[in-house]
Amino acid sequence: MTGPRRDPDMVRPYVRTGGQVRPRADVRLESVVVAATGPTDTLGPDARRVMRLFAGAHGGLAVADIAAALELPPSTVRILVSSLMDSGHLAAPAAEPGHQPDFDLLQEVLRGLRSMV
């Protein structure tokens, strides 16, 4: 090695999240979020990258998909998404009470998946 690494893309997760170490909201990797309307010019560079993923999209994205698309650690993306939810740029759609799957159906699917393993 000839000297210290000078990779402009090498930014520590702590810096990317503005010093936050945990998401404020309960954001999981399987959480689906949708973009809300609003200006994004005041956001940081990583938050703008997250919002650009929703440009032209007609639905939501899972937090894991966002992390994969941006090639960022999932823990960092969870914090970024949580901050964007706090600022109103992203929202997690709630399931309507009548549109939730039947518990017995979910149990049957789980049994089927376990039998495959």
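The structure presented is a predicted model; accordingly, all values stated were derived computationally and were not measured.
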Residue E30 excluded, over 12 heavy atoms near CD under 6.0 Å | yes

Whether T76 side chain and L72 backbone form a donor-acceptor pair below 3.5 Å | no

Do S83 and L80 pass the side chain to side chain contact (heavy atoms under 4.5 Å, CB included) test, and can you show the C-alpha distance, the side-chain angles, and the key distance before you say yes or no?
-> CA-CA 5 Å; S83 296; L80 289 170; 5.8 Å; no

Would you check if the side chain of R49 reaches a backbone N or O of L70 as a donor-acceptor pair within less than 3.5 Å?
-> yes

Atom of P74, atom of A67 and distance for their closest heavy-atom approach | CA-CB, 4.0 Å

Closest non-hydrogen atoms of G59 and V34, given as atom of the first, atom of the second and distance, are C-CG1, 4.2 Å

Atom of R78, atom of V27 and distance for their closest heavy-atom approach = NE-O, 2.6 Å

Taking the side chain as every heavy atom from C-beta outward, state whether V32 and D65 have any pair of such atoms under 4.5 Å apart.
-> no

Does CZ in R114 sit with more than 12 non-hydrogen atoms of other residues, nucleotides or ligands closer than 6.0 Å?
-> no

May I have the step-by-step check of side chain to side chain contact (heavy atoms under 4.5 Å, CB included) for L43 and V50, ending in yes or no?
-> CA-CA 10 Å; L43 297 175; V50 170; over 6 Å; no

Mind listing the closest non-hydrogen atom pair of L90 and A35 along with its distance?
-> CD2-CA, 3.8 Å

With a 4.0 Å cut-off, would you call D26 and R28 a salt bridge?
-> yes

Would you check, one step at a time, whether the test side chain to side chain contact (heavy atoms under 4.5 Å, CB included) holds for M51 with R48?
-> CA-CA 5 Å; M51 296 306 294; R48 284 195 306 269; 5.6 Å; no

Do the non-hydrogen side-chain atoms of I66 and V33 ever get within less than 4.5 Å of each other?
-> yes

Could you please spell out the steps behind the side chain to side chain contact (heavy atoms under 4.5 Å, CB included) verdict for V77 and V81?
-> CA-CA 6 Å; V77 174; V81 167; 4.0 Å; yes

Can you measure from CG (L84) to CG (D46) and round to the nearest 0.5 angstrom?
-> 10.0 Å

Out of curiosity, does V109 fall in the hydrophobic cluster containing M116 (side-chain heavy atoms, cut-off under 4.5 Å, transitive links)?
-> yes

